[in-house]
Engineer: 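Provided herewith is a single structure, encoded as structure tokens, for subsequent inquiry.
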Amino acid sequence: MSRPALKLKQGPAATRVLGVGSTQPDKIVTNDDLSQIMDTTDQWIRDRVGIIERRFAEKDELLVDMAVTAGSRALADAGLEPSEVDTVIVPNCTMPAPIPNAAAQVADRIGVKRAGAFDINAACAGFCYGLGVASDLIRSGSSGRVLVIGAEKLTDVVDPLDRANAIIFADGAGAAVVGPSDEPGIGPVAWGSAGDLVDTIYMRDHKYIYQEGQSVFRWATTQIAPIAMRALELAGLEPSDVDVLIPHQANLRIVEAIAKRLRARGAREDMVVADDIKYSGNTSSASIPMALDHMRAAGTAKSGDVVLAVGFGAGLSYAGQAFLCP
Ligand code: UT7
């Protein structure tokens with residue numbers, strides 16, 4: 001008896017980002033506000049991290065609420081109805097509990113009924129992991145269009161009096177809609193991990209984030225530019241092709257170190273480098289799509305620009321890819 005053969009549907013050869021959107025809480029927290037409650041100064045934070053102010057969510061403003069807003073805005077930006085999306089991915093690492101996930105409820109509230117829905121925890125690399133998975137789900141024929149929403153409420157997991165972490169982390173969400181394309185619009189993801197460095201960022205007593213700042217800083221400033229280079233190589237691009245560089249907004253000094261290394265390898269002096277951390281803080285998996293959305297609104301990232309994104313963080317894990325700005 002002959003075995004039945006599986007008939008595989010072929011997906012489209014290429015994908016692109018169709019739209020982006022983001023949201024931040026209304027509450028602005030300045031460095032001076034923080035210096036009222038802990039031993040720090042506006043100058044120290046500006047010099048060492050580059051943050052001028054950040055946004056903190058109120059108690060009743062949840063990660064899923066921010067994800068719904070950012071996701072809906074990305075759909076509107078793409079000119080799509082929720083019914084035209086079938087998969088929702090929510091990269092995050094700050095849901096209050098592992099069960100339930102964020103994605104199913106976010107999909108339902110946005111109006112994507114019966115969505116394939118799951119979270120990704122790759123910490124601050126989460127958005128780039130999600131974008132890579134979304135693109136490949138579409139190319140394989142498994143999904144039609146995918147909404148990827150990086151969303152975080154880091155203030156839930158930061159000791160508000162810990163001056164090493166409370167000055168860095170913040171809240172927000174950023175989203176991208178991914179769909180089929182005639183021309184290649186998203187390059188393959190370059191990803192990986194350094195699990196031997198697991199102890200450099202973790203939750204202390206399952207409650208608050210702790211990080212060995214200097215170890216992570218050293219790792220990020222030396223190991224991440226080569227990942228960005230690999231993402232370019234996988235997309236068949238040269239450093240000089242990059243119009244907009246968006247590293248995860250962990251620390252402005254890390255962002256600048258990555259840009260410097262890429263320029264030493266041929267990236268242009270006029271390459272626009274995201275500095276969204278100045279007014280948004282470090283929002284982990286939300287930082288890259290939020291920066292892109294803000295840069296598009298400001299006109300510093302334009303439709304058709306070659307964007308190079310690279311995320312890195314707890315795990316340690318990292319991922320990056322090149323894509324065209326919608
Ligand atoms: O997003 C996930 C991935 N995370 C990252 O990429 C973060 C990477 N690490 C960093 O960005 C930086 O290491 C931090 C911003 C976390 C810390 O900056 P740093 O320049 O590495 O500071 P440090 O921890 O080495 O501390 C230097 C000094 C210390 O004082 P002493 O021992 O030299 O007297 C700290 O006690 O600065 C002191 N310090 C502060 N002073 C004022 C630490 N935090 C503060 C503060 N205000 N908030």
Side-chain angles (χ1 to χ4, degrees), residues 29-54 91-94 120-129 150-172 174 192-195 197-204 208-225 227-228 246-259 261 274-278 280-291 309-320:
V29 177
T30 66
N31 296 337
D32 284 335
D33 291 336
L34 295 177
S35 70
Q36 306 294 312
I37 54 171
M38 66 188 77
D39 183 17
T40 190
T41 62
D42 176 52
Q43 201 60 48
W44 191 94
I45 299 172
R46 283 181 195 238
D47 291 349
R48 307 299 293 175
V49 200
I51 298 174
I52 294 168
E53 62 185 36
R54 74 287 287 142
N92 79 85
C93 57
T94 52
I120 288 179
N121 181 352
C124 307
F127 179 77
C128 292
Y129 271 83
E152 302 284 7
K153 189 173 178 187
L154 280 141
T155 48
D156 273 350
V157 296
V158 168
D159 176 348
L161 298 178
D162 168 11
R163 70 175 183 166
N165 290 299
I167 58 137
I168 303 172
F169 292 114
D171 305 326
S193 59
L197 299 176
V198 62
D199 291 339
T200 55
I201 309 178
Y202 63 93
M203 301 272 290
R204 202 170 245 174
Y208 291 137
I209 287 186
Y210 166 80
Q211 59 175 330
E212 274 180 30
Q214 288 203 4
S215 306
V216 181
F217 187 93
R218 260 194 311 277
W219 173 79
T221 49
T222 55
Q223 305 303 309
I224 298 306
I227 304 308
I246 312 185
H248 162 52
Q249 302 288 290
N251 181 322
L252 195 57
R253 291 190 295 139
I254 297 176
V255 168
E256 286 166 354
I258 293 170
R261 280 176 178 253
D275 60 2
D276 200 58
I277 187 170
K278 286 181 178 173
S280 301
N282 177 341
T283 56
S284 189
S285 62
S287 87
I288 290 173
M290 191 192 292
V310 63
F312 51 90
L316 300 179
S317 35
Y318 48 84

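Atom set for the values below is all heavy atoms of this structure, side chains included, hydrogens, waters and symmetry mates excluded. Both counts, for ligands and for their atoms, begin at 1 and track the order of listing.
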Engineer: Please find the pair of heavy atoms, one from Leu154 and one from Ala170, that lie closest to each other, and give the distance.
Structural biologist: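 Closest approach of Leu154 to Ala170: CD1-O, 3.3 Å.
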Engineer: Filter the ligand 1-protein atom pairs down to N or O on both sides and distance under 3.5 Å, then list them.
Structural biologist:
{"from": "ligand 1", "atom 1": "1 (O)", "to": "His248", "atom 2": "NE2", "distance (Å)": "2.9"}
{"from": "ligand 1", "atom 1": "1 (O)", "to": "Asn282", "atom 2": "ND2", "distance (Å)": "2.8"}
{"from": "ligand 1", "atom 1": "4 (N)", "to": "Gln211", "atom 2": "OE1", "distance (Å)": "3.1"}
{"from": "ligand 1", "atom 1": "9 (N)", "to": "Gly213", "atom 2": "O", "distance (Å)": "3.0"}
{"from": "ligand 1", "atom 1": "11 (O)", "to": "Asn251", "atom 2": "ND2", "distance (Å)": "2.7"}
{"from": "ligand 1", "atom 1": "13 (O)", "to": "Gly213", "atom 2": "O", "distance (Å)": "3.1"}
{"from": "ligand 1", "atom 1": "20 (O)", "to": "Arg48", "atom 2": "NE", "distance (Å)": "2.9"}
{"from": "ligand 1", "atom 1": "20 (O)", "to": "Arg48", "atom 2": "NH2", "distance (Å)": "2.7"}
{"from": "ligand 1", "atom 1": "20 (O)", "to": "Arg253", "atom 2": "NH2", "distance (Å)": "3.2"}
{"from": "ligand 1", "atom 1": "25 (O)", "to": "Gln214", "atom 2": "NE2", "distance (Å)": "2.4"}
{"from": "ligand 1", "atom 1": "36 (O)", "to": "Arg163", "atom 2": "NH2", "distance (Å)": "2.7"}
{"from": "ligand 1", "atom 1": "37 (O)", "to": "Trp44", "atom 2": "NE1", "distance (Å)": "3.4"}
{"from": "ligand 1", "atom 1": "41 (N)", "to": "Trp44", "atom 2": "NE1", "distance (Å)": "3.4"}
{"from": "ligand 1", "atom 1": "41 (N)", "to": "Arg163", "atom 2": "NH1", "distance (Å)": "3.4"}
{"from": "ligand 1", "atom 1": "47 (N)", "to": "Thr40", "atom 2": "OG1", "distance (Å)": "2.6"}
{"from": "ligand 1", "atom 1": "48 (N)", "to": "Thr40", "atom 2": "OG1", "distance (Å)": "3.1"}
{"from": "ligand 1", "atom 1": "48 (N)", "to": "Arg163", "atom 2": "O", "distance (Å)": "3.0"}

Engineer: Angle class for the Trp219/Tyr318 ring planes (parallel below 30°, perpendicular above 60°, tilted otherwise)?
Structural biologist: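 If you compare the ring of Trp219 with that of Tyr318, the planes turn out tilted.
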Engineer: Side chain to side chain donor-acceptor pair (under 3.5 Å) with Ser215: which residues, sequence neighbours excluded?
Structural biologist: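 So Ser215 forms a side chain to side chain donor-acceptor pair (under 3.5 Å) with Glu212.
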Engineer: Work out which heavy atom in Met290 is nearest to a heavy atom in Ser280; give both atom names and the distance.
Structural biologist: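 That closest heavy-atom pairing would be SD-OG, 3.9 Å.
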Engineer: Ignoring hydrogens, what is the shortest heavy-atom contact between Met203 and Ile209? Give both atom names and the distance.
Structural biologist: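 Heavy-atom minimum between the residues: SD-CG1, 3.9 Å.
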Engineer: Hey, are the side chains of Arg218 and Val216 touching, using non-hydrogen atoms and a 4.5 Å cut-off?
Structural biologist: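 Of all side-chain heavy-atom pairs linking Val216 with Arg218, none is under 4.5 Å.
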